[in-house]
Amino acid sequence: MEIEFEDIHLAILAVTALLILYADHEGFSYLRGTRELLSLKKTKSLHYGVWAGLVGMIATGIVLFWPERAYFVSEPEFLIKMCMVFALVVNAVLIGTLSKISATIPFAQLPQKTKRLLFISGGVSTLGWVGAAIIGFFFL
């Protein structure tokens, strides 16, 4: 039985999606105030796990992209997907900084600017991951 890079790519996506769902559950509990503070150790572990998944998706994506690169670079859907992946990378850096806040300051005590950043970061993450997956599954 031969394992294809596409299978590895999808397996990484599945594991990363589970990590993201768990991290989002934790974050949503923090935003709602049902958890006053989050565990810094758990938050860091989830962040590094999602980072590893993102890097794995990019690495396997490059392997899948390379043989058909002339085709992909001419497809607007592919370019949109790459913009989403870029936004995920930038957002992952921001989330790393913001996640430390959730372990030290209750959400209710955060300045409005910080609350907005948390919501924007969550939105970028959701749109990036869901959008990239939809484009990958249905358009490419």
Interatomic spacing from CE in Met84 to CG in Leu79 - rounded to 0.5 Å = 12.0 Å

With the 4.5 Å side-chain cut-off for hydrophobic clustering, are Val73 and Met82 part of the same group?
-> yes

Hey, does Glu4 have a side-chain heavy atom less than 4.5 Å from the side chain of Asp7?
-> yes

Has the side chain of Thr34 got a donor or acceptor atom that lies under 3.5 Å from a matching backbone atom of Ser29?
-> yes

Around atom CD of Glu75, are there more than 12 heavy atoms of other residues, nucleotides or ligands at under 6.0 Å?
-> yes

Given the rule that I, L, V, M, F, W and Y join up when any side-chain heavy atoms are under 4.5 Å apart, are Leu88 and Leu10 in one cluster?
-> yes

If you measure from OG on Ser45 to CG on Leu19, what distance do you get to the nearest 0.5 Å?
-> 10.0 Å

Within a radius of less than 6.0 Å around CD of Glu68, do more than 12 heavy atoms belonging to other residues, nucleotides or ligands occur?
-> no

Is the closest side-chain heavy-atom distance between Phe107 and Ile101 below 4.5 Å?
-> no

So do Leu54 and Thr16 actually touch side chain to side chain, heavy atoms under 4.5 Å?
-> no

Main-chain N/O of Leu110 paired to Thr114 side chain as donor or acceptor, under 3.5 Å | no

Which value, rounded to the nearest 0.5 Å, describes the distance between Phe65 atom CZ and Ile58 atom CD1?
-> 13.0 Å

Output yes when a side-chain donor or acceptor of Thr126 lies under 3.5 Å from a complementary backbone atom of Gly123, and no otherwise.
-> no

Side-chain contact, heavy-atom cut-off 4.5 Å: Ser102 with Leu37?
-> no

d(Ile95 CD1, Trp51 CH2) to nearest 0.5 Å is 10.0 Å

Can you check whether Leu117's main-chain N or O pairs, donor with acceptor, with Ser121's side chain at less than 3.5 Å?
-> no

Shared hydrophobic cluster for Trp129 and Leu18 (ILVMFWY, side-chain gaps under 4.5 Å) = no

Donor-acceptor under 3.5 Å (Asn91 side chain, Val124 main chain) | no

Drop me the distance from Glu6's CD to Thr60's OG1, to the nearest 0.5 angstrom.
-> 10.0 Å

Test log, rule side-chain contact (heavy atoms from CB on, under 4.5 Å), inputs Lys42 and Tyr22 = CA-CA 11 Å; Lys42 186 188 298 184; Tyr22 184 65; 3.2 Å; yes

In terms of heavy-atom contacts, Phe72 and Leu64 come closest through CE1-O, 4.2 Å

Glu26 side chain near Tyr30 side chain, heavy-atom distance below 4.5 Å | no

Looking at CG of Leu98 and NE2 of His47, how far apart are the two atoms once the value is rounded to the nearest 0.5 Å?
-> 10.0 Å

Taking the six-membered ring for Trp, are the ring centroids of Phe78 and Phe139 within less than 6.0 Å of each other?
-> no

Within 6.0 Å of NZ in Lys44, more than 12 heavy atoms from elsewhere | no

